[in-house]
Amino acid sequence: MAWRIIEGNQALAIGAKLCRPKVIASYPITPSTHVPETISEFVADGELKADFINVESEQSAISACIGAQATGVRTFTATASQGLALMHEMLYIASGMRLPIVIGCANRALSAPINIWCDHSDTMAERDAGWLQFYAENNQEALDLVLQAYKIAENKEVLLPGMVAIDAYTLTHTFERVDVPSQAEVDRFLPPYKPLYAFLDPEKPITQGSFGTPEHYMEFKYSQQKAMEASKEIIDQVFKEFDGKFKRRYHKIEKYKADDAEILLLTMGSMSGTAKDAVDRLREKGIKVGLAKFTVFRPFPAKELIEIAKRPKVLAVVDRNISLGHKGALFSDATSALASMERRPLTVNFIIGLGGRDISPQNFYEIVEKSEKILKKGKVEKELEWIGVKKEMIP
Amino acid sequence: MKISIGARVEEAGSSIKYKTGGWRSYRPVVNKDKCTKCWLCYKYCPDAAIEKGKDCAVIDYDYCKGCGVCAKECKFEAIEMVPEVK
Ligand code: SF4
Ligand code: SF4
């Protein structure tokens with residue numbers, strides 16, 4: 001292991017390299033371009049023995065990964081926003097064919113209006129695609145989650161693809177100190193990829209991703225759901241094993257000063273760091289606020305959320321995305337998970353930081369202030385609140 | 001029968017085992033007495049699901065989709081389309 005000062009994109013690239021993929025196919029897109037750029041250098045310099053395929057679109061990038069992975073090798077790609085959207089139909093094919101591909105996503109807003117800055121709408125739009133989803137708070141997590149994503153995805157009970165999402169600019173282009181494990185350490189954690197079903201052998205021709213008629217299609221989807229359910233246990237196992245080897249413990253939902261909190265913020269991605277600072281300062285003022293950060297969004301950690309939600313009176317769900325016509329994705333899933341609780345906390349949804357709008361501690365003070373009012377009144381009057389929207393600008 | 005992981009098919013040329021007759025909602029039934037063995041239906045069937053039988057046209061229900069082309073083309077009203085009732 002060695003300390004290095006690297007940006008989030010490099011963390012993804014180095015993480016991928018340490019996993020020894022045999023094929024990387026990528027099409028550059030802001031703000032994830034540095035990922036394929038860095039990997040192409042590794043390949044050109046002979047540091048990574050792999051084929052780097054330059055393709056003409058993101059749809060081709062993921063298609064090439066699907067094709068390569070189906071021959072029986074580990075693959076990687078990276079993208080963002082419109083690029084991920086262009087991959088959309090192929091994402092379902094990768095998961096349906098049960099190919100444990102891992103991709104790095106720089107979370108970036110979707111057009112229109114065209115915008116290259118951060119929000120989570122791109123990966124949230126793919127939450128039903130049958131991919132495991134991991135969200136990093138910082139560059140260390142970006143690197144670590146790539147290693148763990150492969151290990152989880154390739155588990156024989158799982159065999160599902162996974163995406164590691166990192167916030168545009170806040171992580172992708174920001175340099176941080178990252179503990180980079182050695183190749184030998186990673187090799188001890190992640191064994192070479194041995195496909196159980198998806199591989200090509202000219203001696204033994206097979207078909208992959210064949211036709212599924214009404215007689216079989218539902219069973220295939222059922223088995224994908226079963227794999228998602230099974231992955232919950234595997235994720236815990238892998239996170240634990242990772243901690244044993246690298247001394248960094250991940251949780252599907254990470255708690256921060258949550259145990260005695262009356263107001264609990266639910267967050268994802270890099271905003272969690274800012275929110276933790278805000279929590280610290282509010283705690284100094286005696287406000288009982290805590291935080292629960294979703295590192296894993298798919299499979300949705302419903303059981304863990306229910307456990308965490310037993311004590312707080314208000315859950316303030318902070319979404320950096322909006323499902324237009326309803327609410328934020330985290331809020332929708334969180335409230336549906338809480339529905340089975342006998343006594344559930346009050347829930348309120350805050351939309352924040354769309355299209356790269358900066359997220360400051362002040363935003364969290366405002367969120368907590370609004371949550372305190374809800375706590376005092378004992379009811380939620382406005383379930384959906386937009387933080388920092390300049391209403392005077394709206395025609 | 002069990003489904004595979006990732007819709008993998010182990011065996012080449014296995015589509016022959018896959019019976020597509022289940023898509024049918026009407027079944028063509030040949031009246032042996034009316035059939036003249038002109039084999040027009042045999043030529044028209046888009047699924048090649050009709051065989052030349054000894055006494056009359058014989059439908060292969062494993063693959064017949066129930067499109068009704070044979071019944072329409074038969075000049076002798078020897079084929080009747082009957083609803084599939086399970
Ligand atoms: S109904 Fe259609 S598919 Fe069936 S035997 Fe007649 S022509 Fe062929
Ligand atoms: S077209 Fe009619 S008469 Fe001719 S072979 Fe077919 S069923 Fe018999």
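We name chains A, B, ... by the order of the sequence lines, and we start the count at 1 in each one. If you're wondering where the values come from, they're calculated on a predicted model, not measured in any experiment.
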Considering only heavy-atom distances, could you tabulate the donor-acceptor pairs under 3.5 Å between chain A and chain B?
from	atom 1	to	atom 2	distance (Å)
A:Tyr197	O	B:Arg8	NH1	2.2
A:Lys204	NZ	B:Glu10	OE1	3.2
A:Thr207	N	B:Val9	O	2.9
A:Thr207	O	B:Val9	N	2.6
A:Gly209	N	B:Gly6	O	3.2
A:Gly209	N	B:Ala7	O	3.2
A:Ser210	N	B:Ala7	O	3.0
A:Ser210	OG	B:Ala7	O	3.1
A:Thr213	OG1	B:Tyr18	OH	3.4

| query | About how many Å separate CG of A:Leu196 and CD1 of B:Ile5, when rounded to the nearest 0.5 Å? | reply |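 Rounded to the nearest 0.5 Å, the CD1-CG separation comes to 9.0 Å.
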| task | Tabulate, in ascending numerical order, the residues of residues 120-130 of chain A having at least one heavy atom closer than 4.5 Å to a heavy atom of chain B, or enter 'none'. | result | none
